[in-house]
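The structure presented is a predicted model; accordingly, all values stated were derived computationally and were not measured. Residues take their numbers from the sequence shown, with the count starting at 1.
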Amino acid sequence: MSKLDLHCNIDEDIFSLTLFLTRLLTGLVLLYVTLGCLLFYREFLYNATAIGLPLPVPAGLSLAVGELFLALLLMLGWFTRPAALLSVLCTAALAVVFFAADFNKLYVALLVLLITALLPVVMLGPGKISLDYKHAVRRAKKTFRG
């Protein structure tokens, strides 16, 4: 029986474009969730009070604003890995407050899809189309100057 010697050739430009589109679309979904919380802020803050969140108004608003900045960082590709990890946690916390700890199956499915979309970014990094990559290139060129 002969051995197969197969190699996976990956075009890095297409790979980086795929990661960029994943980050962009996931960031837009996070913006949608955040804007939903901010547009319905009365219900959102009422639910924060109802579930017994300490300091419900500052805590609820800081969760929403934090999610907004995490979505923007994710779309720009700046601090991508920490932003992706924190956005999953922040979105889960927003879900608890928005649904007043009464989860429905659709939102749990959306959270699982969000984790699935952010997992490649967390594991593989942001790709070439990101501010992280630009910063790394600039830092490497600065190190190798003579």
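Here OG1 of T80 is found 7.0 Å from CG of L74. Values are rounded to the nearest 0.5 Å. In this structure, SG in C37 is found 9.5 Å from CG in N47, a value given to the nearest 0.5 Å. How far CZ of F20 is from CG of L76: 9.0 Å, rounded to the nearest 0.5 Å. In this structure, I115 CD1 and L110 CG are separated by 10.0 Å, a value rounded to the nearest 0.5 Å. To the nearest 0.5 Å, the span separating CE on M75 from CG on L72 amounts to 4.5 Å. With rounding to the nearest 0.5 Å, the separation of CG in L70 from CG in L63 is 10.5 Å.
A single hydrophobic cluster is not seen to contain both Y46 and L55; linkage of ILVMFWY side chains at heavy-atom distances under 4.5 Å, directly or through other members, places them apart. No single ILVMFWY cluster, assembled from side-chain heavy atoms under 4.5 Å apart, contains both V57 and F40. At a threshold of 4.5 Å between side-chain heavy atoms, the hydrophobic network of Ile, Leu, Val, Met, Phe, Trp and Tyr places F69 and V88 in two separate groups. Under the 4.5 Å side-chain heavy-atom criterion for ILVMFWY residues, no single connected hydrophobic cluster contains both L28 and L30. In this structure, Y41 is a member of the same hydrophobic cluster as V97, with clusters built from ILVMFWY side-chain heavy atoms closer than 4.5 Å.
Counting all heavy atoms, side chain and backbone alike, G66 lies closest to C90 at C-SG, 4.4 Å. The two residues A64 and T34 have their closest heavy-atom pair at O-CG2, 3.1 Å. Here the closest heavy-atom approach between residue V122 and residue R81 is recorded as O-NE, 3.2 Å. What you find for L17 and I129 is that their closest heavy atoms are CA-CD1, 3.9 Å. In plain terms, the two heavy atoms of D132 and F79 that are nearest each other are OD1-N, 3.0 Å. Across all non-hydrogen atoms, the minimal contact from A117 to T26 is CB-OG1, 3.5 Å.
Remark: the backbone N or O of A84 is paired with a side-chain donor or acceptor of S87 at under 3.5 angstrom. A donor-acceptor pair under 3.5 Å links the side-chain atoms of R23 to the main chain of P126, judged by distance alone.
Within the 4.5 Å cutoff, no side-chain heavy atoms of L131 are placed close to those of H135. Residues L45 and P56 have side chains not in contact (no heavy-atom distance under 4.5 Å, counting atoms from C-beta outward).
In this pair, F98 and F44 present their aromatic rings tilted. The plane angle is within the 30 to 60° band.
Heavy-atom neighbours of F99 CZ from other residues, nucleotides or ligands within 6.0 Å: above the threshold of 12.
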